[in-house]
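Everything below concerns the one structure shown next.
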Amino acid sequence: MTVPPPGHPTPPADHPAASTTATDRPAGPTPPADDAAGHAAGPAPASGDLGLLVAGTRLFTTPDGGLPRVGELPAGTGWVPLGTLDGVPAWALETADPGRPATRDNPTGGGEPGSGETVGSRAGGRRPVGRWRSWRALAAELPEPVATLAGRAVAVVTWRRTHRWCGVCRAALADVPGETARRCPDCGLYVPLRLSPAVLTAITRPGPAGGPTELLLVRHASGPTELWALVAGFVEAGESLETAVRREVAEEVSLDLDTIDYFGSQPWAISGPGVLLAGFTATVADAGAEPVVDGRELVRARWFPVDALPAELPPAYSISRWLIDAVAARG
C-alpha cells in the first residue's frame, strides 16, 4: 500500500508516508453473502484485529485518532477483510447513522455530521470513546499506509452497498471467496470492484536564459478553488494513461507535450471511492507557448519558477504535492 513505487521520488523523510508499511494480501477469504444486504457469513475477525467502522465516507477513530481494535467495538456481523497492516489483519464494517452520541455502551455513535469532534460527550457525561472523521482529516495526520487502508475501507464498503443486485437478471449477487468481487448465482455475471483511474501531470518548460525551470500550475473551477494544483482528469474508455495525459492537457490548457514520464500512483478517497491517481511529469512541446484555460474546469493557469512557487499548494499527503516537490527539487 505504499506509494510512490520504488524507483520514483518518495515523500520526504519527515512525512508520515515514510513511517510504516502495509501489504495488499487479503486477511482471509471473503465469505459469501447470505442476504440481499450483502452481509457476510463466515469466520469472524479476532478481537486484536483492526476494525474500521465506516458510515458513508467517514470512519470511526479512537480518542487519539488511531484505528480501534475489533474487541473494542460492539459485536457485529458482516465484517469484510481488507488486508493487513504491519501483519495485523484489518476488517471493515458499515455502520448506521453517526449522528448519534457514542459511549462505551454505544461506541458506534458520532458527533454532528461534519463536526469531526469527539463523540460521546452528550451521553450523560460518560467518557468519550472516539470520533467520526473524514478520510481527508485522517490522511492529513496518519501514516500513509493507515490512510490508504482507511480509503480502502470506504471503497470496499461503498462498493458492497451499491453492488447488491445483478444488472442483467436482478438476482442477489454472492461474494466470490478470496476476492473483492461478486458473481450472480443465476446468470454468472462477474462483478469485481472496479477502479476509476485519473491522471495528473506536472508540466515544465525551460526558464528564461539562466533562470530556473518553470512549472505550470492551475486553479480549478470547483473543489478546493484556492489551491494552485496540476492539470488532472479521469481516464476515458479505450485510453492509455499517457493518451489521457495528452488529451487532458490539450483540453484544459491547450498545450502539446513532448516527453511524458510516469512518476507514481496513489489511491485517492477524496474524489470518491475507487479513485486511483496516476502521476506523470512532462515537458511542453513549445517552450514559448502560453496556457489557455478551458473556462469550464479551470479558471486560471500560470507558469511559476520552481524556486518561487505559491504558498497555496495541495496538501503534503497528496501525490499532487509529491509531484510538485519533486520537480522543485530538481530545479
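FYI, side chains are in, hydrogens and waters are out, and symmetry mates aren't considered; it's all heavy atoms of this structure. The chain is numbered in sequence order, starting from 1.
Here the straight-line distance linking atom OG1 of Thr61 with atom CZ of Arg131 works out to 5.5 Å at 0.5 Å rounding. For the atom pair CD1 (Ile319) and CD (Glu144), the distance works out to 10.5 Å, reported to the nearest 0.5 Å. Remark: Leu323 CG to Ser318 OG distance equals 9.0 Å, nearest 0.5 Å. To the nearest 0.5 Å, the span separating CG on Leu53 from CZ on Arg58 amounts to 12.5 Å. Put simply, CG on Leu230 and CZ on Arg321 are 11.0 Å apart, with the number rounded to the nearest 0.5 Å. Glu242 CD to Leu257 CG: the interatomic distance, rounded to the nearest 0.5 Å, is 11.5 Å.
With sequence neighbours left out, Trp159 forms a ring-ring contact (aromatic ring centres under 6.0 Å, His included) with His163. Scored by the side chain to side chain donor-acceptor pair (under 3.5 Å) test, Thr57 finds no partners at all (sequence neighbours excluded). Scanning for side-chain contact (heavy atoms from CB on, under 4.5 Å) contacts around Ser47 gives an empty result, with sequence neighbours left out. With sequence neighbours excluded, the residues that form a side-chain contact (heavy atoms from CB on, under 4.5 Å) with Ala92 are Leu82, Ala153, Val157. With sequence neighbours left out, the salt bridge (charged side-chain N to carboxylate O under 4.0 Å, His left out) criterion links Arg247 to Glu236, Glu239, Glu251. Residues satisfying the side-chain contact (heavy atoms from CB on, under 4.5 Å) criterion with Leu276, sequence neighbours excluded, are Leu195, Ser265, Pro267. Under the salt bridge (charged side-chain N to carboxylate O under 4.0 Å, His left out) criterion, Glu248 pairs with no residue, sequence neighbours left out. The side-chain contact (heavy atoms from CB on, under 4.5 Å) search around Ser222 returns none, not counting sequence neighbours.
Residue Val199 is not grouped with residue Leu227 when hydrophobic side chains (ILVMFWY) are merged at heavy-atom distances under 4.5 angstrom, including chains of intermediate members. Val292 is not connected to Leu216 by any chain of hydrophobic side-chain contacts under 4.5 Å among Ile, Leu, Val, Met, Phe, Trp and Tyr, and they are in different clusters.
Contact of the Ile324 side chain with the Leu217 side chain is registered, since non-hydrogen atoms from C-beta on lie closer than 4.5 Å. Counting only heavy atoms from C-beta outward, the side chains of Tyr190 and Arg183 approach each other to under 4.5 Å.
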Output side-chain donor-acceptor pairs under 3.5 Å for residues 298-307, partner residues at least two apart or in another chain, one line each.
{"from": "Trp303", "atom 1": "NE1", "to": "Ala289", "atom 2": "O", "distance (Å)": "3.4"}

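In this structure a side-chain-to-backbone donor-acceptor pair under 3.5 Å is present from Arg182 to Arg160. A donor-acceptor distance shorter than 3.5 angstrom exists from the side chain of Arg69 to the backbone of Gly48, with no hydrogens or angles considered. Using modelled atom types, no side-chain atom of Thr62 and backbone atom of Pro68 make a donor-acceptor pair closer than 3.5 Å. Within the 3.5 Å criterion, the main-chain N or O of Gly78 finds no donor-acceptor partner in the side chain of Glu94. A donor-acceptor contact shorter than 3.5 Å is absent between the side chain of Trp228 and the backbone of Pro314.
Residue pairs meeting the side-chain hydrogen bond (donor to acceptor under 3.5 Å, both in side chains) criterion with at least one partner in residues 193-204, sequence neighbours excluded, do not occur; the list is empty. Within the structure, salt bridge (charged side-chain N to carboxylate O under 4.0 Å, His left out) contacts touching residues 206-235 (residues at least two apart or in different chains) are Arg205-Glu214. For residues 279-289, the pairs satisfying side-chain hydrogen bond (donor to acceptor under 3.5 Å, both in side chains) are Thr259-Thr283, with sequence neighbours left out.
A side chain to side chain contact (heavy atoms under 4.5 Å, CB included) with Phe60 is found for exactly one of Leu52, Leu73, Val54, namely Leu73. Considering Leu85, Thr84, Leu142 in turn, Leu85 is the only one that fulfils the side chain to side chain contact (heavy atoms under 4.5 Å, CB included) rule with Leu149.
Nearest heavy atom pair, residue Asp186 against residue Ala171, reads OD2-CB, 3.2 Å. Taking both residues in full, the closest heavy atoms of Phe263 and Ala326 are given as CE1-CB, 3.7 Å, listed atom of the first, atom of the second, then distance.
Aromatic rings from Phe280 and Tyr262 are positioned such that their centres are separated by under 6.0 Å.
Heavy atoms from other residues, nucleotides or ligands lying under 6.0 Å from CG of Asp258 number more than 12.
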